[in-house]
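What follows is a short report on a single structure.
Lettering of chains follows the sequences in order, A, B, ..., and the numbering in each one begins at 1. Hydrogens, waters and symmetry mates play no part in the numbers below; they use all other heavy atoms, side chains included.
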Amino acid sequence: MVASIQTAPKSKLKSSVQRSLRQSLLTTYPLLHRYIDEILPKKGSLEAMKLPDRCTLYVLDGEPLFFQQDTTTLLPHLKLVHRFPAAFPSIRIDRGAIRFVLSGATLMAPGLTSTGGRLPSGILTVRTEDGAGEGLDEEDRWTRELEKGEPVIVRAEGKTEACAVGFLVMGTKDVKDKGKGPVIEDAHYLGDGLWKLATD
Amino acid sequence: MADTEQPEVPSEPQSRHVTYCGVCTLPPEYCEYGGTVKKCQDWLQKAYPAMYEQIWSPEALEAATASLSVEAQKRAAKDAQKKAAQAEKAEQKQADKMANSVITIKRVERNKRKFVTAVSGLEAFGLDLKKVAKEFGKKFATGSSVTKVPSGGEEIVVQGDVSDEIEEFLLEKYKDIPEDNIELVDDKKKKASS
């Protein structure tokens, strides 16, 4: 994400668009089923904000929910992640990597493979419709191995809140095997333009 | 209307409420990366003493840094210091800029007894000209627009002679504008000084 974004006018979404958005959310994030009525109440009027670089941010009552680059998969805004941390698959980086991620660097594999990092344990290999059995185990590892291109939340060692959101450019299995190279590029991180954007 | 629909799950709010730092807007535990650590600490101590204890107590800090190698710790510390210095410098600069810049409210004669009021220099105070112009328009019930000036830059042109009111309005609404920095100028068409 770019360092600073200007506030743009918001426009109300048609309820049909809202419905399809909700559907696509549920397919991308099966774990959201439990929370979807709270995130997107049926009565609520969702608004879209067009941002530079063909990015769209969806806002509900002044609370940013999701954003979308071009027409790719929706990514949750970090404020939403903080509200529902259990609804999204996550990985954890070690302490040393935090400052790089928070200044917008590409997340590299060593930050995940070291002792402070947490990659999925891979107990579950198949992705289920309702996300059954997925979650964090005692060791703080996500139970399902994540594929390349999947959206993922980045948490940090010693912190409770998530610090970034992005798409994996390398599956988590590959990360474990290779142990180097970029893992998430162009993430939305704490303190970036999207984070600082005023939405009300 | 009878409530016939029975929700399958008890619809109690499940979202967590997260506190964000009032200074750098990050969650407090990330303040150390925000560049305004000192200020954040002060703010948190005042607003949420319990959380402050949890994050910034010596034990917590020690536990947090223990997992890093000495070298990495040093590097991180140096980096943080640099960032803090940078932030401070930027702030200083901003403050300087604000102290030195002048808002000029100019009354321009348009047509014998008709005037427009041109306001320039607002952008130095971090205001969005377009928004302020809208505010002016609303407040004075006149046309108000942002126009480009030949020398580059932009100013707000408000229809009608509202120079005194604008000064008052600015001082009241935007507290960080010092009164001395507002200058009223009377600009006649025939170049005659007032």
Query raised in the report: Between B:Tyr20 and A:Trp195, how do the two ring planes meet: parallel, tilted or perpendicular, split at 30° and 60°?
Result: perpendicular

Report summary line: Applying a strict 4.5 Å limit to non-hydrogen atoms, the region of A:Ser114 in contact with chain B is neither

Query raised in the report: What option among A:Leu78, A:Leu102, A:Ile98, A:Leu80 has the most heavy-atom pairs under 4.5 Å with chain B?
Result: A:Ile98

Requested in this report: Establish whether A:Val169 and A:Ile91 are linked, either directly or via other cluster members, by ILVMFWY side-chain heavy-atom contacts under 4.5 Å.
Outcome: no

Report task. Is it possible for you to say whether A:Leu74 and A:Phe167 belong to one hydrophobic cluster, with membership spreading through side-chain heavy-atom contacts below 4.5 Å? Result -> yes

Requested in this report: Look up atom OG1 in B:Thr19 and atom NE2 in A:His82, then write down how far apart they are to the nearest 0.5 Å.
Outcome: 11.5 Å

Report task. Assess whether atom NZ of A:Lys173 is packed by more than 12 heavy atoms of other residues, nucleotides or ligands within 6.0 Å. Result -> no

Query raised in the report: If you look at every heavy atom in B:Tyr30 and A:Glu161, which pair is closest and at what distance?
Result: OH-O, 2.8 Å

Query raised in the report: Would you say A:Lys159 has more than 12 foreign heavy atoms packed within less than 6.0 Å of its NZ?
Result: yes

Query raised in the report: Quick one: what part of A:Ala156 sits under 4.5 Å from any heavy atom of chain B, side chain, backbone, both or neither?
Result: both

Query raised in the report: Are there more than 12 heavy atoms of other residues, nucleotides or ligands under 6.0 Å from atom NZ of A:Lys176?
Result: yes

